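Heavy-atom basis, side chains included; hydrogens, waters and symmetry copies ignored. Keep in mind that this is a model prediction, so the values were computed, not measured.
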Amino acid sequence: MAAPVTRFGQIVIGPPGAGKTTYVGAMAELLRGLGRKVSIINLDPANENVDYKPDVDIAELVHLQEVMDQLKLGPNGGLIYCMEFLKENFSWLIEKIDEQERSSYVLIDCPGQVELFTTNTAVRDIVQNLVKRDVRLAAVHLVDSHYCSDPGKFISVCLTSLTTMLQIELPHINLLSKIDLVEKYGKLQFNLDYYTEVLDLEYLLDCFPEDNFTKKYRALNEALTGLISDYSLVNFIPVTVKSKERMLAVSQQIDKANGYVFGTGEERNIRNMMGSAFGGVDFEWAKTGDLRSEYMDNEEKLGNDLDKVDIGPEFQV
């Protein structure tokens, strides 16, 4: 048997509606623009209307609708069955990947069912088998940025991200997707940096009402914030497919995570492009400053109790 070809890539995961398929299409376009050969692998059997043409499609192996009809399963049970079926037929997947160009960078679009990445082991087993075949992947976990406007939902998102990181066991990048719509459902309580760096989650507890009706809910969230903070693993990179600069910033971090940058000359070109786009990517403000000025209310927030203090015009600088 011939030695497996070393490949690099991303496995794109996240809850339904987070923008995974849109991200995969945009990332493929960006990487091809940088001169890479890209192979897109669609592992979502419910993904029928996509913006890209997959090079490998799970629909050739199993159809979700057929599984639901024949086994009398709902959508969730059907998706779990499809992933279990793919795990048992892993040879089909690796044969399809081996048919791609040797130097191709793989983008794997996954289903959006949260159980597949938090409790069920099928996807994890598939990933481990790919790693054994020298496919060097980084997990890219997308969550919708509008959850930042709801403290309870943001804490849940952080917990889901943490659980996924521990379950998948890959170098991991968390993305706040659709950052251009971050305040669509309400203003943020704190600065955007507070949410991307996941700083002192206990401050979010002050946003919960203090009454007997929500007392247990608040106590639950207090326990969850403690758990997330104890691990200290979760942070986010904001991204929108409308910004090539943001997509470049994400691709740079992912290339470092999966090891693609080592031994390639492309990193130098990306650094030059990033330097031109951000004018100094190492400064903290450059991480989210352009997003705050373009997509958010420009009122400066400090990420602490002073954000709740009204400052009169005579004290403003």
Side-chain angles (χ1 to χ4, degrees), residues 4-68 75 78-79 82-83 85-87 89-113 116-117 122-123 126-127 129-130 133-142 144 170 173 175 177-178 239-244 246-248 250-251 254-255 258 260 264 266 270:
V5 177
T6 300
R7 298 181 187 272
F8 296 89
Q10 309 172 24
I11 179 168
V12 183
I13 58 181
K20 296 184 297 299
T21 298
T22 303
Y23 167 86
V24 168
M27 182 58 71
E29 181 181 356
L30 174 72
L31 296 179
R32 286 167 178 157
L34 292 172
R36 298 191 201 179
K37 298 174 182 178
V38 178
S39 296
I40 300 178
I41 302 172
N42 176 35
L43 294 188
D44 186 356
N47 212 0
E48 297 179 351
N49 300 316
V50 296
D51 300 329
Y52 57 77
K53 181 180 178 181
D55 299 284
V56 179
D57 195 345
I58 193 176
E60 299 176 15
L61 178 69
V62 61
H63 287 271
L64 175 62
Q65 192 59 50
E66 291 181 1
V67 169
M68 293 169 60
L79 280 172
C82 289
M83 291 298 102
F85 188 79
L86 177 61
K87 183 183 75 170
N89 293 273
F90 178 76
S91 58
W92 172 88
L93 177 60
I94 202 65
E95 287 174 6
K96 290 292 184 180
I97 294 177
D98 287 342
E99 291 174 2
Q100 308 305 309
E101 293 191 53
R102 295 175 64 90
S103 60
S104 62
Y105 186 98
V106 297
L107 294 174
I108 305 177
D109 191 2
C110 290
Q113 188 177 358
L116 292 172
F117 313 106
V123 173
I126 292 170
V127 166
N129 285 330
L130 287 172
R133 295 287 300 182
D134 209 14
V135 181
R136 304 182 184 183
L137 297 171
V140 181
H141 184 243
L142 278 71
D144 203 318
L170 280 177
I173 303 291
L175 301 182
S177 64
K178 309 177 191 175
V239 68
T240 171
V241 296
K242 295 180 180 180
S243 170
K244 288 186 178 180
R246 280 287 147 190
M247 293 294 288
L248 273 170
V250 168
S251 69
I254 294 171
D255 287 346
N258 63 20
Y260 180 86
T264 74
E266 186 180 327
I270 292 181

### Task
Under the side chain to side chain contact (heavy atoms under 4.5 Å, CB included) rule, what do Asp44 and Leu79 come out as? Steps first, then yes or no, please.
CA-CA 8 Å; Asp44 186 356; Leu79 280 172; 4.1 Å; yes

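- One distance of note links OG of Ser251 with CG of Leu31; it measures 6.0 Å at 0.5 Å rounding.
- Closest approach of Arg7 to Arg102, counting heavy atoms only: NH1-O, 3.7 Å.
- Asn42 is listed as a side-chain neighbour of Tyr52, based on a closest heavy-atom distance under 4.5 Å.
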### Message
Under the criterion side chain to side chain contact (heavy atoms under 4.5 Å, CB included), I'd like the reasoning laid out for Ile97 against Ser39: C-alpha separation, chi angles, the key distance, then a yes or no.
### Response
CA-CA 8 Å; Ile97 294 177; Ser39 296; over 6 Å; no

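- Counting only heavy atoms from C-beta outward, the side chains of Trp92 and Val56 approach each other to under 4.5 Å.
- Between the side chain of Thr22 and the backbone N or O of Gly19 there is no donor-acceptor pair closer than 3.5 Å.
- Here the NZ-CD1 distance, from Lys96 to Ile41, works out to 11.5 Å after rounding to the nearest 0.5 Å.
- Minimum interatomic distance between Pro54 and Asp57 (heavy atoms only, all atoms of both residues): CG-OD2, 3.8 Å.
- The distance from atom OH of Tyr23 to atom CG of Leu107, rounded to the nearest 0.5 Å, is 7.0 Å.
- In this model, a donor atom of one side chain and an acceptor atom of the other lie less than 3.5 Å apart for Tyr105 and Gln10.
- Geometrically, Arg36 engages Tyr260 in a cation-pi contact defined by less than 6.0 Å to the ring centre and at most 45° from the axis.
- No side-chain heavy atom of Gln113 sits less than 4.5 Å from a side-chain heavy atom of Met83.
- Annotation for Cys82 and Val62: closest pair SG-CG2, 3.9 Å, computed over non-hydrogen atoms.
- In this structure, Pro15 and His141 approach most closely via the heavy-atom pair CD-NE2, 4.1 Å.
- Contact of the Val24 side chain with the Met27 side chain is not registered, since no non-hydrogen atoms from C-beta on lie closer than 4.5 Å.
- A 4.5 Å side-chain heavy-atom check between Val106 and Gln100 finds every atom pair outside the cut-off.
- Closest non-hydrogen pair, Lys37 versus Ser103, comes out as CD-OG, 3.5 Å.
- Put simply, CG on Leu61 and CG on Leu43 are 10.0 Å apart, with the number rounded to the nearest 0.5 Å.
- Atom CZ of Arg136 and atom CG of Leu130 lie 13.5 Å apart (nearest 0.5 Å).
- To the nearest 0.5 Å, the span separating SG on Cys110 from CG on Leu142 amounts to 11.5 Å.
- For the side chain to side chain contact (heavy atoms under 4.5 Å, CB included) with Val140, the lone residue among Ile13, Asn258, Leu175 that qualifies is Leu175.
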### Query
Could you go step by step and tell me if Leu34 and Leu248 meet the side chain to side chain contact (heavy atoms under 4.5 Å, CB included) rule?
CA-CA 10 Å; Leu34 292 172; Leu248 273 170; 4.1 Å; yes

### Query
Checking side chain to side chain contact (heavy atoms under 4.5 Å, CB included) for the pair Leu93/Asn89: CA distance, chi angles, key distance, verdict?
CA-CA 7 Å; Leu93 177 60; Asn89 293 273; over 6 Å; no

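- Judged by distance alone, with hydrogens and angles left aside, the side-chain atoms of Thr21 form no donor-acceptor pair with the main-chain N or O of Val50 at under 3.5 Å.
- Of all the heavy atoms in Gly17 and Asp144, the pair that sits closest is O-OD2, 3.8 Å.
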